[in-house]
Amino acid sequence: DGGITQSPKYLFRKEGQNVTLSCEQNLNHDAMYWYRQDPGQGLRLIYYSQIVNDFQKGDIAEGYSVSREKKESFPLTVTSAQKNPTAFYLCASSIDVSGIYNEQFFGPGTRLTVL
Amino acid sequence: KNQVEQSPQSLIILEGKNCTLQCNYTVSPFSNLRWYKQDTGRGPVSLTIMTFSENTKSNGRYTATLDADTKQSSLHITASQLSDSASYICVVSANKLSFGAGTTVTVRA
């Protein structure tokens with residue numbers, strides 16, 4: 001059963017805590033992405049990775065960190081430096097980052113709430 | 001200013017009726033345009049993809065059009081069903097992906 005999974009589905013964080021969101025894919029895609037979705041706004045790119053052990057900042061990377069130690073996994077850490085982390089987080093993957101092969105397949109999302 | 005503008009922001013239609021969603025973009029150089037459907041609390045799922053040379057593409061009751069000259073696209077939903085209730089997102093690919101804010105469609109019985 002191929003696809004992209006995210007866990008947990010819901011996550012609650014206290015002020016000052018770091019939390020890590022999991023993203024796994026078995027589509028053999030090279031590229032992976034993290035987006036943040038807020039009501040009334042388009043998806044905003046946090047980080048992306050074109051290949052293992054390499055990743056690039058997106059438009060709103062401040063307060064977030066990622067790693068790409070394995071092709072299948074791209075975890076996102078929301079640090080205490082992120083001032084407004086409550087949002088719906090989406091992970092995606094694609095064969096490549098450019099051209100027609102950049103069609104992204106999305107995971108089911110993680111809703112993070114700061115208490 | 002967002003480079004991908006979608007309208008309307010939301011709409012309500014009766015089951016069985018048709019509706020059309022609009023997407024205007026300013027990004028360039030244009031590579032392709034996709035429409036995604038996103039159910040509440042779920043990840044987006046691709047409906048259609050169109051390249052520069054294509055001006056229409058269908059996926060069941062969904063038909064997307066593209067006018068690359070005017071930089072406009074539309075998504076037409078025919079004979080709407082309750083399951084069509086979702087947010088529809090227009091995504092334009094240039095040097096990077098640009099996402100519209102989406103149109104929320106509510107289908108009522």
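Because only heavy atoms are used, hydrogens play no part in the values below, and waters and symmetry mates are left out as well, while side chains stay in. So you know, we letter chains A, B, ... as the sequences are listed, proteins then strands, and number each from 1.
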In Å and rounded to the nearest 0.5 Å, what is the CG to SG distance from B:D84 to B:C19? 7.5 Å
Does anything in residues 50-66 of chain A reach chain B? List residues with heavy atoms under 4.5 Å apart, or say none. A:D59
Contacts with chain B made by residues 106-115 of chain A (heavy-atom distance under 4.5 Å), listed by residue number: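 So the qualifying residues are A:F106, A:G107, A:P108.
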With the side chain counted from C-beta on, respond yes when [X] and [Y] share a heavy-atom pair under 4.5 Å apart, and no when they do not.
X	Y	result
A:Q104	A:H29	no
A:E72	A:N26	no
A:L76	A:Y89	yes

Quiz question: by atom type and distance under 3.5 Å, do the side chains of B:T63 and B:S58 form a donor-acceptor pair? yes
Under 3.5 Å side-chain donor-acceptor pair for B:Q38 and B:S87: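 Absent: no donor and acceptor within the cut-off.
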Would you mind checking which part of A:Y48 comes under 4.5 Å of any heavy atom in chain B, side chain (CB onward), backbone (N, CA, C, O), both or neither? neither
Taking side chain as everything from C-beta outward and backbone as N, CA, C, O, which of these in A:L43 sits under 4.5 Å from a heavy atom of chain B? Side chain, backbone, both or neither.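 Interface part for A:L43: both.
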Counting heavy-atom pairs under 4.5 Å with chain A, which one of B:G41, B:S46, B:C90 comes out on top? B:G41
Please identify, among B:L97, B:V45, B:I89, the residue contributing the most non-hydrogen atom pairs under 4.5 Å to chain A. B:L97
Sequence-distant partners of B:T103, side chain to side chain contact (heavy atoms under 4.5 Å, CB included), two or more places apart: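 Checked B:T103 against side chain to side chain contact (heavy atoms under 4.5 Å, CB included); matches are B:Q6, B:P8, B:L11, B:L21, B:V105.
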My understanding is that only residues two or more places apart in sequence, or in another chain, count here; which of them pass side chain to side chain contact (heavy atoms under 4.5 Å, CB included) with B:A109? B:E15, B:L82
Heavy-atom neighbours of B:R108 CZ exceed 12 at 6.0 Å: no
Check whether more than 12 heavy atoms from other residues, nucleotides or ligands sit under 6.0 Å from atom NZ of A:K9, and answer yes or no.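 Yes, enclosed.
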Closest heavy-atom pair, A:Y33 versus A:S94, reported as atoms and distance to 0.1 Å, is OH-OG, 2.7 Å
